[in-house]
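Quick caveat, the model's predicted, so the values are computed rather than measured.
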Amino acid sequence: DADQALQAARRDYEALQRGHGDTTAALATVQREHEALAQRQRAAAAALDKARLELEAQRQRERDAVDALAVARSDLDVLATERRQSATLARLLDSLPGMAAWVRPDGRPGWSNRAWQATFGAADSFGNALGKDRLAELEPRMRAALSGEAVSFSCVPPVDGQPRQL
């Protein structure tokens, strides 16, 4: 019986060794799968971090766009107010019985009221409206006025051969 017990123990031992080999191989497989899973998790975490950064950058661009839109709307409101004020001023100046005109730095009228236009027509320059000789006489004072200096002068240019007070 001792021989049989010894043989049974050997068989059990060999089975355990085979099982141990199988267990070791299974454990190695599980460890490789675990490492592969951990690597995929690290890659997923890195991708998630990158996506979070991109999302935050996109949100910042959206906030910047909203801020820019608010500034643009404010600028449009200011422009609309300025246009209304300009239209009101133009109507007021146009209703004056006296002549009024705005002169560009190059000497061309930028705007003139009805009284000016009724007197001089749609002159393309003050030289044409006043006459070249009269313009040469007034030019130093007009340059001073165009540079922002307060000046006052009057002249009597001929209009349709008739002198007119200006």
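Distance check: Asn113 CG to Leu92 CG gives 10.0 Å after rounding to the nearest 0.5 Å. Put simply, CZ on Arg114 and CG on Leu93 are 11.5 Å apart, with the number rounded to the nearest 0.5 Å. We find the CG-CZ distance between Leu79 and Arg84 to be 10.0 Å, quoted to the nearest 0.5 Å. In this structure, Trp111 CH2 and Leu89 CG are separated by 7.0 Å, a value rounded to the nearest 0.5 Å.
Counting all heavy atoms, side chain and backbone alike, Ala145 lies closest to Val151 at CB-CG2, 3.3 Å. Contact record, Ala115 with Gly98: CB-O, 3.4 Å, taken as the closest heavy-atom pair.
You'll find the side chain of Thr88 reaches within 4.5 Å of the side chain of Arg91, heavy atoms only. Using a 4.5 Å cut-off on side-chain heavy atoms (C-beta onward), Arg63 and Gln60 make contact.
Without hydrogens or angle criteria, Ser86 side chain to Glu82 main chain gives no donor-acceptor distance under 3.5 Å.
Arg40 and Glu33 are not joined by a salt bridge, as no carboxylate oxygen comes within less than 4.0 angstrom of a charged side-chain nitrogen.
Of the N and O atoms on the side chains of Arg61 and Gln58, at least one donor lies less than 3.5 Å from an acceptor on the other residue.
Heavy atoms from other residues, nucleotides or ligands lying under 6.0 Å from CG of Asp3 number 12 at most. Annotation: Arg73, atom CZ; neighbour count of heavy atoms from other residues, nucleotides and ligands within 6.0 Å does not exceed 12.
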